[in-house]
Asks: 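Okay, here's the structure, questions in a sec.
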Amino acid sequence: MVQTVKGVVSRSKGDPTELVDVVIPDPGSRDVVVKVLACGVCHTDLAYVNGGITDEYPFLLGHEATGVVEEVGSDVSHVAVGDVVVLNWRAVCGECRACRRGRPWYCFDTHNASVPMTLTDGTVLTPALGIGAFAEKTLVHEGQCTRVDPAADPAATCLLGCGVMAGLGAAMNTGRVGRGDSVAVIGCGGVGDAAIAGARLAGASTIIAVDRDPAKFEWATALGATHTVVSAGTDETAEAIRELTGGHGADVVIDAVGRPETYELAFYARDLAGTVVLVGVPTPEMRLELPLVDFFSHGGALTSSWYGDCLPERDFPMLVDLYLQGRLPLGEFVTERIGIDGIDAAFEAMESGRVLRSVVELGTVSHP
């Protein structure tokens with residue numbers, strides 16, 4: 001059944017967002033209509049507004065979402081009406097060369113809904129990361145839905161849809177942090193603090209939070225940092241990290257900023273055979289220049305983390321269970337709960353560093 005709902009749209013680069021009518025079409029054979037319960041405000045949404053992702057305006061913003069399946073296409077078997085789901089933007093195909101090699105987190109042909117959502121005049125909307133969840137309802141492919149325990153707070157679980165999963169996975173999946181490891185995390189925003197929480201969950205003994213703004217260390221410490229370092233120059237900051245790790249450098253250094261200077265710091269702050277994980281997203285014009293001999297003289301690994309190298313069907317239910325057990329503080333990332341008309345103010349709060357996450361709340365789970 002075609003429906004009209006309210007959604008937040010960006011029509012042109014840099015302009016304020018608009019709350020408008022959005023048309024949800026009948027789902028295709030493997031599509032799902034999801035009633036959105038909560039959706040986090042992520043920096044990627046602001047990047048869409050500012051033209052940093054693509055120029056395919058207008059965008060239906062929002063992608064970190066938990067919701068309830070309301071309607072399914074004729075061939076949907078993965079979820080059923082009434083399921084509480086966290087949405088993901090990497091619905092793996094199972095057939096591409098990455099999937100066939102047993103590395104589905106690198107899937108090259110991820111699924112999205114087969115029919116578009118539109119404005120009431122028929123203008124096709126580009127949903128943020130194929131989801132578009134700053135809306136009362138959205139349309140996605142069934143593979144973008146992962147069932148989770150309905151007892152969990154949607155405002156907390158929705159954050160697994162992007163930023164928090166990216167940070168947790170950078171530590172646990174990509175960096176493979178193990179018990180007793182030393183870890184340094186550069187950048188203590190939402191993704192960086194999630195990496196800190198992931199390192200603690202994995203059993204790291206030393207977790208060093210690095211940021212230019214010492215005001216952020218209160219969050220980082222609450223989420224598991226054992227030490228803090230105010231970032232200065234590369235040499236000075238790297239030396240401070242070495243002093244906290246027996247003079248060697250960290251076993252795993254996670255760059256949650258994604259700038260040339262933070263990556264250089266990560267490179268020189270690691271142990272000789274340590275691992276650097278880049279999870280912060282650089283912009284296309286950024287360049288890095290380092291002596292090639294330094295790459296040769298260090299072992300270990302330099303790697304990037306896409307979406308925390310997660311598999312939603314494996315990781316989301318496990319992490320939600322850990323949250324319900326009190327072992328993963330997802331709720332600590334929810335700084336404020338807002339209405340769907342508060343997106344632009346939430347962008348400002350995010351840019352200022354006043355929040356880890358603002359979460360738009362649109363509904364609650366109905367329990368029988």
Asks: For Lys35 and Glu136, what are the C-alpha separation, side-chain angles and deciding distance, and is it a salt bridge (charged side-chain N to carboxylate O under 4.0 Å, His left out)?
Replies: CA-CA 6 Å; Lys35 178 182 178 182; Glu136 295 166 326; over 6 Å; no

Asks: In terms of side-chain geometry, is the basic nitrogen of Arg100 or Glu95 positioned less than 4.0 Å from the acidic oxygen of its partner?
Replies: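 Not counted as a salt bridge, because no side-chain N and carboxylate O are separated by less than 4.0 Å.
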
Asks: For the pair Asp271 (side chain) and Gly274 (backbone), establish whether a donor and an acceptor sit closer than 3.5 Å, ignoring hydrogens and angles.
Replies: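 No, the answer is negative, given that no donor and acceptor are paired below the 3.5 Å cut-off.
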
Asks: Would you say Thr138's side chain and Gly132's backbone share a donor-acceptor pair under 3.5 angstrom?
Replies: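 Looks like yes, one N/O pair under 3.5 Å.
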
Asks: For residues 19-28, which side-chain N or O atoms pair as donor and acceptor with protein atoms under 3.5 Å away, sequence neighbours left out?
Replies:
| from | atom 1 | to | atom 2 | distance (Å) |
| --- | --- | --- | --- | --- |
| Asp21 | OD1 | Lys6 | NZ | 3.0 |
| Asp26 | OD1 | Met1 | N | 2.5 |
| Asp26 | OD1 | Val2 | N | 3.1 |

Asks: About how many Å separate CG of Leu159 and CD of Glu332, when rounded to the nearest 0.5 Å?
Replies: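 Going from the CD atom of Glu332 to the CG atom of Leu159 covers 12.0 Å.
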
Asks: Would Thr157 and Thr66 count as having a side-chain donor-acceptor pair, cut-off 3.5 Å?
Replies: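 Yes, side-chain donor-acceptor contact under 3.5 Å.
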
Asks: Strictly distance-based, threshold 3.5 Å: is any side-chain N or O of Asp153 a donor or acceptor partner for the main-chain N or O of Ala155?
Replies: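 Pair found, side chain donor or acceptor close to backbone of Ala155.
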
Asks: Taking atom types as modelled, find out whether Ser305 and Thr174 have a side-chain donor-acceptor pair closer than 3.5 angstrom.
Replies: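 Distance-only check passes for Ser305 and Thr174.
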
Asks: State whether Arg11 and Glu18 are salt-bridged, where the test is any N-O pair (Lys NZ or Arg NE/NH1/NH2 against Asp/Glu carboxylate O) under 4.0 Å.
Replies: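 Yes, Arg11 and Glu18 are salt-bridged.
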
Asks: Is it true that Arg337 and Glu361 have a side-chain N and a carboxylate O under 4.0 angstrom from each other?
Replies: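 The answer is yes: the pair qualifies as a salt bridge.
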
Asks: Between the main-chain N or O of Gly62 and the side-chain N or O of Asp45, is there a donor-acceptor pair closer than 3.5 Å?
Replies: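 Side chain of Asp45 to backbone of Gly62: a pair is present.
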
Asks: Counting N and O atoms only, with roles assigned by atom type, does the side chain of Asp213 sit under 3.5 Å from a partner on the main chain of Ala215, one being a donor and the other an acceptor?
Replies: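 Side chain of Asp213 to backbone of Ala215: a pair is present.
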
Asks: Going by the ring-ring contact (aromatic ring centres under 6.0 Å, His included) test, which pairs reach into residues 136-166, not counting sequence neighbours?
Replies: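 Listed once each, the pairs are His111-His141.
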
Asks: Check Ala194 against Val164 and note the closest heavy-atom contact, atom names and distance.
Replies: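 Looking at all heavy atoms of both residues, the closest pair is CB-O, 3.4 Å.
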
Asks: With distance as the sole test, does Asn50 use its side chain to make a donor-acceptor pair with the main-chain N or O of Gly52 at under 3.5 Å?
Replies: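 Here the side-chain-to-backbone pair does not exist.
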
Asks: Check the pair Val185 / Val210 against side chain to side chain contact (heavy atoms under 4.5 Å, CB included), numbers first and verdict last.
Replies: CA-CA 6 Å; Val185 178; Val210 182; over 6 Å; no

Asks: Does Asp315 reach the main-chain N or O of Leu311 with its side chain, forming a donor-acceptor pair under 3.5 Å?
Replies: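 Present.
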
Asks: Quick check on the 6.0 Å ring-centre criterion: do Phe59 and Tyr57 meet it?
Replies: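 They qualify: ring centres under 6.0 Å apart.
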
Asks: For residues 231-239, run the donor-acceptor check on the side chains, cut-off 3.5 Å, and write out each pair with its distance to 0.1 Å, sequence neighbours left out.
Replies:
| from | atom 1 | to | atom 2 | distance (Å) |
| --- | --- | --- | --- | --- |
| Thr237 | OG1 | Ala232 | N | 2.8 |
| Thr237 | OG1 | Gly233 | O | 2.8 |
| Glu239 | OE1 | Arg242 | NE | 3.2 |
| Glu239 | OE1 | Arg242 | NH2 | 3.1 |

Asks: Just by distance, do the side chain of Asn173 and the backbone of Gly308 share a donor-acceptor pair under 3.5 Å?
Replies: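 Looks like yes, one N/O pair under 3.5 Å.
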
Asks: With distance as the sole test, does Glu243 use its side chain to make a donor-acceptor pair with the main-chain N or O of Gly249 at under 3.5 Å?
Replies: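 The answer is no, because no donor-acceptor pair under 3.5 Å joins these two groups.
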
Asks: Working note: Glu64 + Arg357, criterion salt bridge (charged side-chain N to carboxylate O under 4.0 Å, His left out); need CA distance, chi angles, decisive distance, verdict.
Replies: CA-CA 11 Å; Glu64 289 184 343; Arg357 271 297 187 269; 3.0 Å; yes

Asks: Apply the test side chain to side chain contact (heavy atoms under 4.5 Å, CB included) to residues Tyr268 and Asp294: give CA-CA distance (whole Å), side-chain angles for both, the deciding distance (0.1 Å), then the verdict.
Replies: CA-CA 9 Å; Tyr268 288 112; Asp294 286 358; 2.4 Å; yes

Asks: Would you say Val277 ends up clustered with Val177 if hydrophobic residues are merged whenever their side chains have heavy atoms under 4.5 Å apart, either directly or through other cluster members?
Replies: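 Yes.
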
Asks: Ignoring hydrogens and geometry, is there a side-chain-to-backbone donor-acceptor pair from Ser205 to Gly180 under 3.5 Å?
Replies: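 Pair found, side chain donor or acceptor close to backbone of Gly180.
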
Asks: Kindly state whether the ring of Trp105 and the ring of Tyr307 have centres lying under 6.0 angstrom apart.
Replies: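 Distance test on ring centres: not under 6.0 Å, no.
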
Asks: Given the ring of Phe267, does Arg270 sit roughly above its face, with NZ or CZ under 6.0 Å from the centre of the six-membered ring and within 45° of the axis?
Replies: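 Cation-pi check for Arg270 and Phe267: passes.
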
Asks: So, taking the atom named OG1 in Thr146 and the one named CG in Leu319, what distance separates them when rounded to the nearest 0.5 Å?
Replies: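 Rounded to the nearest 0.5 Å, the OG1-CG separation comes to 11.0 Å.
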
Asks: Would you call Glu313 and Arg147 a salt bridge, taking side-chain N to carboxylate O under 4.0 Å as the test?
Replies: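 Result for this pair is no, no salt bridge flagged.
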
Asks: Tell me the closest heavy-atom pair linking Thr335 and Leu356, and the distance in Å.
Replies: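 Nearest heavy atoms, Thr335 then Leu356: OG1-N, 2.8 Å.
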
